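Reading through the structure tokens given below for one structure.
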Amino acid sequence: MGPRVSQRSTRFTESVIREMTRLCNAHGGVNLAQGFPDFPAHDALKREAARATLADVNQYAITWGAKRLRDAIVARQKRTTGLDYDPETEVTVCCGSTECMASTLLALVDPGDEVVVFEPFYENYGPDAVLCGATPRFVRLREPDWTFDPAELEAAFGNRTRAIVLNTPNNPTGKVFSRAELEQVAALCRRWGVTAVTDEIYEHILYDGARHVGLATLEGMRERTVTISGASKTYAVTGWRVGWCLASPALTAAIRKVHDFLTVGAPAPLQEAVAVGLDLPDEYYLRLAEDYRERREFLVPALERAGFRTFRPRGAYYVMTDISGFGFPDDVRFARALVAEGGVAAVPGSSFYSDPAAGRQRLRFHFARRRETLEEAVERLARFRPRRPA
Ligand SMILES: Cc1ncc(COP(=O)(O)O)c(C=O)c1O
């Protein structure tokens, strides 16, 4: 008999995305599976990271975040949303927004509680709920515009609902929740006394005039929202592991305690460097969105030409596709064939749904890649003639 492991750890599987990355490396593929940029971060951030390290900012920062970074986060939030947060009592810097979400749910949710999660979802939310002993209640975002049925959302709320997790701009769909949709969520949160936990990590990556609305900006929501964001996507530094939560003092106090005992703190010199990023001028953010728009304009039509039906994203850097034109029985076999025979890695759609059948004919690509990388992927996709399984 092998060593005993917790029941909890058996209730979710290994990340499908990281498995695709391993397969991609084994086949020398172009990785459009795991969503991290292959282009350089801004020099100003890298220089500050180097400076801080050489200046021996190498010991633990204050557990809830270096003062300079908390001040920069609050200043930027004020500029983008108009909301005021107190850097002393309402900000927690964590090891990425991944840890923000885990620390927040562990701080808010008890075993037996329910957490509402929109699906298709970013794959961490289900396991995060399970780690708290909570039950996720899924609400479907429906194609082609990834809208939800208000009645279904309403039915997901009840006496046991403690939190709702909402990710906008959304991974994997590219949906940007409208103000009207967020109003519906807010009304239910107010009615049931539910806390919203928003993952806004793609807040600056928007297309076609889409506007990002933070749920916390809606009436009565600042006090019942934990707003999570981070440096990974905005500054192309996914390996730095710096993210942050903004919440009322009472929620922040609980989040800070969990965070302290989980990780103590995020990397100290990198917190200094992210503070420089937050101070970059507006042009940086406009350029960021424009560069991603160009990548989207390049990849999405190429996917269509290669036989995929695409759901055009309005934000974030993913595109969900329909593979039914290829005649494969399921997405996992298709994704394996695509990486082994076609040399391009993508993520099977079933990994984004509680009921895998819902994603059997879906595949997600990301386009956080240099033009040359995307050109290589597009050439390979154009040549890809999958052998249908018998
Ligand atoms: C929706 C979403 N949230 C969070 C993360 C992870 O963010 P971080 O690097 O800040 O932990 C990702 C990364 O792909 C993501 O897509």
Side-chain angles (χ1 to χ4, degrees), residues 15-21 31-38 41 45 65 69 73 76 91-106 115 117-129 131 136 141 146 163-177 196-206 212 214-215 226-246 255 259 262-263 265-267 270-271 273-274 277-278 292 313-320 345-347 349 351-353 364-369:
S15 158
V16 177
I17 297 180
R18 278 176 272 289
E19 186 205 330
M20 288 313 300
T21 293
N31 192 347
L32 302 189
Q34 195 176 0
F36 59 89
D38 70 345
L45 278 86
L69 176 58
I73 291 166
R76 178 130 203 102
V91 181
T92 312
V93 175
C94 294
C95 296
S97 60
T98 300
E99 196 234 339
C100 292
M101 185 59 74
S103 288
T104 298
L105 292 181
L106 285 166
V115 177
V117 178
F118 287 101
E119 67 173 356
F121 45 72
Y122 172 56
E123 62 170 1
N124 284 30
Y125 304 149
D128 282 344
L131 288 173
L141 297 172
W146 309 104
I164 178 169
V165 173
L166 190 144
N167 169 220
T168 184
N170 185 260
N171 171 11
T173 63
K175 175 186 176 65
V176 179
F177 281 73
V197 186
T198 63
D199 180 340
E200 304 185 17
I201 184 124
Y202 299 103
E203 62 188 311
H204 298 294
I205 305 177
L206 297 156
H212 172 67
L215 190 63
V226 180
T227 301
I228 293 175
S229 193
S232 285
K233 314 291 174 168
T234 305
Y235 306 113
V237 290
T238 57
W240 282 13
R241 315 310 304 130
V242 179
W244 49 87
C245 319
L246 301 171
I255 294 167
H259 157 69
L262 276 182
T263 64
L270 304 181
Q271 292 191 46
V274 170
L278 286 153
Y292 274 114
R314 302 193 69 225
Y317 51 54
Y318 304 92
V319 54
M320 196 66 134
V347 183
S351 61
F352 302 107
Y353 287 92
R364 189 204 74 178
F365 293 83
H366 84 86
F367 46 89
R369 286 286 177 261

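Both counts, for ligands and for their atoms, begin at 1 and track the order of listing. Keep in mind that this is a model prediction, so the values were computed, not measured.
- Between F36 and H366, the angle of the ring planes lies from 30° to 60°, which puts this pair in the tilted group.
- The distance from atom NZ of K233 to atom NE2 of H204, rounded to the nearest 0.5 Å, is 14.0 Å.
- Sequence neighbours left out, not one pair with a member in residues 97-106 passes salt bridge (charged side-chain N to carboxylate O under 4.0 Å, His left out).
- Interatomic distance, F352 CZ to N171 CG, rounded to the nearest 0.5 Å: 6.0 Å.
- Outside the 6.0 Å centre-distance limit, the rings of Y122 and Y202 are not counted as a close aromatic pair.
- Between atom OG1 of residue T238 and atom CD1 of residue I201 there is a gap of 9.5 Å, rounded to the nearest 0.5 Å.
- Within 4.0 Å of ligand 1, heavy atoms belong to protein residues G96, S97, T98, Y122, Y125, N167, N171, D199, I201, Y202, S232, K233, R241, Y318.
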